[in-house]
Every structure is written in structure tokens, then in C-alpha cells.
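Some notes on the structure that comes next.
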Amino acid sequence: MINQENLSSSANESSSLLESPEEKKRRFLIEFENPFKCDKCNERFKKKKYLREHKSEVHAY
Ligand SMILES: [Zn+2]
């Protein structure tokens with residue numbers, strides 16, 4: 001007996017790993033709007049000031 005539902009759900013999972021064009025565009029926009037990236041945790045910020053504050057708060061040690 002083969003469980004058809006299991007087979008189709010695993011196929012859906014693998015296809016969701018591929019980014020849709022819309023997701024790519026959205027991620028591009030996020031990177032475009034938040035050009036300041038933390039080099040320690042890869043978080044993105046709109047302003048250099050936010051990045052500096054983030055670093056001093058999260059990566060102070
Ligand atoms: Zn960080």
C-alpha cells in the first residue's frame with residue numbers, strides 16, 4: 001500500500017524550496033531598502049545609525 005497523500009505532500013515541500021519570482025523580488029526590495037547589513041548576524045537595517053545601535057546592543061561583548 002502506498003500512501004498517495006504522503007507522496008504528494010513531500011513533492012509540495014520540495015517545490016516550496018524554490019523561490020518564486022515574487023519572493024525574489026520581495027527579497028531584493030528588502031535588501032535594497034536596508035543596505036546596511038550586520039556582518040555578525042546578517043540582519044539588515046535602513047540606516048547606518050540603526051546598524052550601529054544594533055551592534056552596540058547585540059554584539060557588545
Ligand atoms: Zn548583528
Side-chain angles (χ1 to χ4, degrees):
M1 275 215 278
I2 298 165
N3 191 334
Q4 291 282 338
E5 277 184 32
N6 253 351
L7 283 175
S8 63
S9 74
S10 65
N12 277 341
E13 261 175 48
S14 62
S15 71
S16 73
L17 288 174
L18 295 167
E19 274 188 336
S20 70
E22 276 177 24
E23 275 180 88
K24 267 189 184 171
K25 193 179 166 187
R26 203 181 58 198
R27 203 175 57 175
F28 174 81
L29 276 175
I30 288 170
E31 290 181 9
F32 184 78
E33 288 179 347
N34 302 273
F36 299 102
K37 195 175 88 172
C38 174
D39 51 6
K40 296 198 174 170
C41 70
N42 288 345
E43 209 167 315
R44 291 184 167 273
F45 300 92
K46 276 185 186 180
K47 293 187 178 177
K48 205 171 186 174
K49 189 185 144 198
Y50 297 159
L51 173 61
R52 211 172 52 213
E53 283 173 1
H54 160 84
K55 278 187 172 178
S56 66
E57 282 175 20
V58 183
H59 309 299
Y61 302 103

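Throughout, numbering of the chain's residues begins at 1 and tracks the sequence. Values in this document were obtained by computation on a predicted structure and should not be read as measured data. Each ligand, and each atom within it, is numbered from 1 in the order the structure gives.
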Q | Minimum side-chain heavy-atom gap R27-E23 below 4.5 Å | A | no
(Q) Can you confirm whether N34 sits close enough to E43 that some side-chain heavy atom of one is under 4.5 Å from a side-chain heavy atom of the other? (A) no
**Q.** Atom pair CZ (R44) and CD (E33), whose distance is rounded to the nearest 0.5 Å
**A.** 11.5 Å
**Q.** Nearest atoms (heavy-atom pairs only) where C41 meets C38
**A.**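 Shortest heavy-atom contact: N-SG, 3.5 Å.
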Q: Take the angle between the ring planes of H54 and F45 and call it parallel below 30°, perpendicular above 60°, tilted in between.
A: tilted
Q: Could you give me a count of protein N/O/S atoms that are under 2.8 Å from the Zn ion (ligand 1)?
A: 4
Q. Residues in side-chain hydrogen bond (donor to acceptor under 3.5 Å, both in side chains) with R52, at least two apart?
A. none
